[in-house]
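Single-structure report; data block below.
Sequence lines set the chain letters: A, B, ... in the order given, protein chains first and strands last, and positions in each chain run from 1. Note that these values count all heavy atoms, side chains included, but never hydrogens, waters or copies made by symmetry.
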Amino acid sequence: MQKVDLSTQLAGLKLKNPVLTSSGTYGFGEEYGAFYDPGFLGGITVKGITPKARLGNPVPRLAETPSGMLNAVGLENPGLEVFLNAYLPRLEALKTAVIVNISGFSLDDYALMAEAMPEESCIAALEVNISCPNIKDGGMAFGTDPRSAEEVLRVTRKHTKLPLIAKLSPNVTDITALAKAVANGGADIISLINTLLGMRIDITSQKPILANTMGGLSGPAVLPVALRMVYQVYAAVKLPIIGMGGISSWQDAVEFMLAGASAVSVGTANFVNPLAPLEIIEGLEEYCRQHGYAAVREIVGLAHR
Amino acid sequence: MQKVDLSTQLAGLKLKNPVLTSSGTYGFGEEYGAFYDPGFLGGITVKGITPKARLGNPVPRLAETPSGMLNAVGLENPGLEVFLNAYLPRLEALKTAVIVNISGFSLDDYALMAEAMPEESCIAALEVNISCPNIKDGGMAFGTDPRSAEEVLRVTRKHTKLPLIAKLSPNVTDITALAKAVANGGADIISLINTLLGMRIDITSQKPILANTMGGLSGPAVLPVALRMVYQVYAAVKLPIIGMGGISSWQDAVEFMLAGASAVSVGTANFVNPLAPLEIIEGLEEYCRQHGYAAVREIVGLAHR
Amino acid sequence: MLSAEKVVANQIVVPGSGIYKLVLEGEVAATARPGQFVHLQVGLATDPLLRRPVSIAGIDRERGIVTLFYRVAGRGTALLAGVGEQETLSVIGPLGNGFTLPQAGELLLLAGGIGIFPLFSLMDAVDRSKVKVKVLWGAENRQLLEAAGRQRLVDLALDYEVSTIDGSMGQPGLITNLLESYLRKRSLESTQQRISTVACGPPVMLKAVTEICLREGLPVEVSLEERMACGVGACRGCVCTVRAAGGTLERRRVCKDGPVFKGREVVWDAEG
Amino acid sequence: MLSAEKVVANQIVVPGSGIYKLVLEGEVAATARPGQFVHLQVGLATDPLLRRPVSIAGIDRERGIVTLFYRVAGRGTALLAGVGEQETLSVIGPLGNGFTLPQAGELLLLAGGIGIFPLFSLMDAVDRSKVKVKVLWGAENRQLLEAAGRQRLVDLALDYEVSTIDGSMGQPGLITNLLESYLRKRSLESTQQRISTVACGPPVMLKAVTEICLREGLPVEVSLEERMACGVGACRGCVCTVRAAGGTLERRRVCKDGPVFKGREVVWDAEG
Ligand SMILES: Cc1cc2nc3c(=O)[nH]c(=O)nc-3n(C[C@H](O)[C@H](O)[C@H](O)COP(=O)(O)OP(=O)(O)OC[C@H]3O[C@@H](n4cnc5c(N)ncnc54)[C@H](O)[C@@H]3O)c2cc1C
Ligand SMILES: Cc1cc2nc3c(=O)[nH]c(=O)nc-3n(C[C@H](O)[C@H](O)[C@H](O)COP(=O)(O)OP(=O)(O)OC[C@H]3O[C@@H](n4cnc5c(N)ncnc54)[C@H](O)[C@@H]3O)c2cc1C
Ligand SMILES: Cc1cc2nc3c(=O)[nH]c(=O)nc-3n(C[C@H](O)[C@H](O)[C@H](O)COP(=O)(O)O)c2cc1C
Ligand SMILES: Cc1cc2nc3c(=O)[nH]c(=O)nc-3n(C[C@H](O)[C@H](O)[C@H](O)COP(=O)(O)O)c2cc1C
Ligand code: FES
Ligand code: FES
């Protein structure tokens, strides 16, 4: 049987296969080690880092929705310094590409973090999170206005040579305007989508379930919206795309790649089926074999024919 | 046992109970007659009418998604004249409030239809659809730009004394900006949400499932997004709200009313459980009784306390 | 129209075939007619969301029983296959218009693959002392024919011919060949019987057999399939296109105005 | 860590109670410890999406069996109640840290309502020839006590006292009263045994008993509950707040760093 080439290159980001795990759903790469060796993955994305440590939001931080979930973790993270000193050394051991998700409240924050990330380490790229819906200032605000989004990328670009992934928010009227803006700002890669803003109410207490009132919707429920945005961005911008949003099976991953994603990222599905990323890698390989593709990258964007 | 007052008044729209059915999911009021008397409903909303008859999009027009569905019917309808002559007389017989959903491609279209709708008939209100994602020009474009949205309402307002419901699109960065715009334009009531733009791809044919490529996502999957928007609009604008998007149970309906909806509308759920609207009416009544509310309108907006 | 039907049986027909026989007891049987379908709820929660349409293949009014055959095609039918006997299923139906029941002459049934299922109920319903029934059935291969119920035709002592694409049974090739040779033979015999035709199968097959029938001046009814949401005519998701009297194109709802249409009206591959 | 466990039993304990006993055979038992939990997949499709955390109430390592008790609270547990014997369930576990197992002295178990469930496994595990076990259990009413397994305490010949809010069994009122009187009585007896305390129940109850224990200088372990997504420490959805050594507030993950925490560390009702 012919071997399928699963390797992918997105601008300066080289991956052994196109399956990543998403920021905020995979901790710092160790939590799923009990299930399999993260070295099998194309790469992992760590929880969003901010310059200072954050306690995040009070609980409840989670709510279930039909085929989806809301989270309002609020960027709880150990902060830049602890990340670099305590977590990064452990990430080195994982033998997989590490993408560091950075979130800021000002342009200076992004500059500071980009500057601080070592260019020679397991860090394969920085994912610039301009789309977190769970924090009061900054976060999503950057990601819903094309001019601010461009500016964040431009500033971050100046402070690192690492490949820059701009992570877009789906909570916008025109995703292609944002994609063009971050391309102009100097992004190398676009990842989408972050979570859709949503809420649930407890009809007994008559209050929002989440302590933060609103949270980010993820999981299979958002898949059709995410897929549509990948399709639109692929047609509008030349940058390679990392597709995510509700991917739980290899069939879902194929849909995203046909829509135009060069790589896919698995988030919420990890919670339900810890082996999902591995099953997706195998399924992609099998799909290519059965359809006669020598390399998985051949299927990227085929739905646009 | 104490009787709960289910009646509701949204500006000039008086309803015997707060449960409506949604445009495009309830035909012209006759299709569900085999299951129950539509006279039990607070009201029904008919399929979007355009000045001229439309064949709509080719098939496939439907695709299933996790806890949701995509449709790209493309506003197939018999056109204004046939609606007035053939359908309206039959709607008179239903003994329920009829809301006519009107969709246009130009300001003149809306003016024409508003003018043509009789003010003395079973028509209780007009729902101005500025948010249909399934047609190439007009439709959603009006609904994603506050200035155009305001203009559509202003023009429509001039041509009818019927209560005007502005139906908003969820495919926007800031739903409150749209709500404020239609309020300025003269809307009496706001209904939300229309469908979220989404797509699916058939991995065998490697083409979009829908002949129209993209379609509108509805059903339980969108509930958290719809609920969030109702909550936001309630806080931002003084107009009464008709909440919809994924409502399938009385519990869902209670969530929407607590978030700020004065009435709720059932769409996709009809397809799954034709009795859903009746079960929701009963459930709302029971909820009020158990919690000691004499009238269902007392629970509107309670989640904002 | 909406009922909780008891699952009397739900078994695979031939191991490995993926084709199941589902027997339901309840209210549907009382009013069901050949050519109609039911709309089944396949999940307990909101995913999979939509009901699944399945044709009525057998009607036993006295025992209040309908029989369906379904092939496991995706997630919904896979879940359906897991439903146990004595459980209940939420069913909407009977839905749609159904076939015209001929009272005399010859009834020619044209089936493509599992398109045979709705025709079973028509075979049962037609009065064979007055109507001559002939079945032409094309399929992929012998296995499918057996799993989809060839024995039933034998048991009914029906006059039937089959074709298979791989030649594993009957005439090798497509049903269109079978139809052409049958019509040729029939015209040689120059029978005077009025013939009516009913076809069910995949769209390409329906289009092809309809063209042949129309060419030969035979009336043909086709049973169409389309993705459905409501199943009752309310959403307009399931339309086909027909050329109406004046020549204008119109959309018809497969669920409500069909699933059975006059072959001469249907506009195949309509765009726009 | 991820296994398909066989459902050996899944039955309601007392009709109408809504409390079920679920017995699973598979890999979990081999490494399970008292105080840990499992994360169960309750649906076949994507709705309901998330797994449900349930405490391990009994461990039979030899037979490879764990026993859980759960109350039907919402959609997920309702679906779980429908799972039949011999079916398999996808299980992640055992998860979490578990209780400290005392080797001597007295172990005082404080249960609020169905908070008794995880304590069952601790009762089984502790060596009662070396450790004196005392159970104080508060609940809504007698029915709940019976359905949640009072007989088990009798069968184990455990020293226990109960209180009910409606006074239908034991001392009327809250468990805090029960605890206060027990501690009073105990101090009068001026026993010299080292006492350790483990509490499980609703947050208000945990907070109240923790305050009493701390006031009396007794070490207390509390088993917390919080909504969970991953169950393995990856999402940070399930945190509680603790006051760390230096006095600063820190978040800990209930699923990974807990569910058992030292009572003195936990900051109840933390905002921000
Ligand atoms: C009027 C009518 C009668 C039918 N009778 C039978 C029958 O007797 N036996 C039988 O095996 N099949 C029959 N079908 C086809 C059957 O409905 C589909 O195979 C089934 O819906 C597939 O569902 P799934 O969840 O397994 O597949 P999925 O691919 O997971 O379904 C996804 C969505 O697409 C729809 N869909 C997929 N394939 C079809 C199709 N071929 N036709 C319509 N909708 C589809 C589903 O209903 C669902 O909404 C009939 C269809 C129609 C419209
Ligand atoms: C560590 C731990 C151990 C537990 N052990 C037991 C046990 O032994 N027996 C038992 O009956 N229950 C136990 N629970 C509570 C049990 O997990 C919930 O009752 C259950 O998740 C409710 O699910 P549902 O679908 O029925 O309710 P729904 O309200 O439909 O659930 C909606 C969502 O909220 C979450 N949720 C709702 N209530 C709770 C709750 N009390 N705690 C955590 N999440 C909740 C669900 O997991 C789900 O994600 C435990 C919870 C935790 C965190
Ligand atoms: C619990 C949780 C925490 C998340 N935290 C982050 C984060 O810190 N930074 C970020 O860019 N995205 C974050 N996300 C978004 C995911 O990375 C991903 O974009 C989103 O969940 C959609 O993918 P999914 O549906 O596969 O989960 C988080 C998502 C979840 C569910
Ligand atoms: C098949 C279908 C057709 C629709 N047609 C219209 C329409 O003509 N006009 C309109 O304003 N909304 C239309 N909608 C949107 C619904 O009225 C409703 O806003 C949306 O489906 C969300 O509610 P739901 O999740 O309860 O279905 C349609 C929705 C569906 C599913
Ligand atoms: S499925 Fe709704 S009209 Fe046919
Ligand atoms: S549930 Fe994810 S960290 Fe605890």
Side-chain angles (χ1 to χ4, degrees), chain A residues 21-36 44 46-48 53-78 209-212 215 218-221 223 246 248-249 252 267-276, chain D residues 1-4 31 39-53 73-77 90-95 203 224-244 248-257 266-272:
Chain A
T21 54
S22 305
S23 177
T25 69
Y26 208 74
F28 288 96
E30 290 176 336
E31 292 77 3
Y32 285 98
F35 300 95
Y36 61 88
I44 66 168
V46 300
K47 177 69 192 168
R54 285 176 55 88
L55 280 178
N57 293 321
V59 290
R61 290 178 171 186
L62 301 173
E64 200 180 35
T65 73
S67 294
M69 61 172 280
L70 294 166
N71 90 80
V73 169
L75 280 179
E76 180 188 345
N77 81 89
I209 291 183
L210 299 174
N212 192 46
S218 64
L223 183 143
S248 349
S249 66
D252 296 343
T268 302
N270 292 301
F271 307 158
V272 181
N273 175 14
L275 299 182
Chain D
M1 276 290 274
L2 175 67
S3 57
T31 54
H39 214 24
L40 303 173
Q41 188 166 353
V42 293
L44 292 174
T46 67
D47 179 58
L49 183 68
L50 298 174
R51 289 171 177 265
R52 300 301 194 254
R75 285 178 349 123
T77 44
S90 168
V91 179
I92 300 180
L95 295 171
L224 301 184
E225 282 192 13
E226 191 46 62
R227 287 165 179 262
M228 292 183 177
C230 70
V232 300
C235 75
R236 306 204 78 90
C238 68
V239 296
C240 64
T241 308
V242 301
R243 194 168 298 281
T248 57
L249 294 186
E250 283 182 10
R251 304 279 199 211
R252 294 279 160 78
R253 299 161 298 183
V254 171
C255 67
K256 181 84 178 180
D257 307 316
V266 177
V267 181
W268 308 93
D269 321 311
E271 281 296 306

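Heavy-atom distances place both the backbone and the side chain of A:Ser67 under 4.5 Å from chain D. At a 4.5 Å heavy-atom cutoff, the contact between A:Tyr26 and chain D is made by backbone atoms alone. Contact annotation for D:Arg236: both backbone and side-chain heavy atoms come within less than 4.5 Å of a heavy atom of chain A. Using a 4.5 Å cut-off between heavy atoms, A:Tyr32 contacts chain D through its side chain alone, with no backbone atom that close. Proximity to chain D (any heavy atom under 4.5 Å) is restricted, for A:Ile209, to the side chain, taken from C-beta onward.
Remark: A:Thr65 pairs with no residue by the side-chain hydrogen bond (donor to acceptor under 3.5 Å, both in side chains) rule, at least two apart or across chains.
For the atom pair A:Leu55 CG and D:Thr248 OG1, the distance stands at 8.5 Å (nearest 0.5 Å). Taken to the nearest 0.5 Å, the SG atom of D:Cys235 stands 5.5 Å off from the CG atom of A:Leu62. Going from atom CE of A:Met69 over to atom CG of D:Leu50 covers 6.0 Å, rounded to the nearest 0.5 Å.
Between D:Arg253 and A:Glu31, at least one side-chain N (NZ, or NE/NH1/NH2) sits under 4.0 Å from a carboxylate O, which counts as a salt bridge. With respect to the salt-bridge test (charged N to carboxylate O, under 4.0 angstrom), the residues A:Glu64 and D:Arg52 qualify.
Taking each heavy atom of D:Asp47 and A:Pro66 in turn, the nearest pair found is OD1-CA, 3.4 Å. Taking every heavy atom of both residues into account, D:Gly237 and A:Val59 meet most closely at O-CG1, 4.2 Å.
Atom CG of D:Leu44 sits in a sparse spot, with 12 or fewer heavy atoms from other residues, nucleotides or ligands closer than 6.0 Å.
Using a 4.5 Å heavy-atom threshold, the side chains of A:Phe271 and D:Val232 count as separate.
Of the listed residues (D:Ala45, D:Gly231, D:Gly76, D:Pro48), the one with the most heavy-atom contacts under 4.5 Å to chain A is D:Pro48.
Although no hydrogens or angles enter the test, the distance criterion places no donor-acceptor pair under 3.5 Å between the side chain of A:Arg61 and the main chain of D:Cys238. Of the possible donor and acceptor atoms, none in the side chain of D:Arg251 sits under 3.5 Å from a partner among the backbone N and O of A:Asn77. Formation of a donor-acceptor pair under 3.5 Å by the D:Arg51 side chain with backbone atoms of A:Val272 is found in this model.
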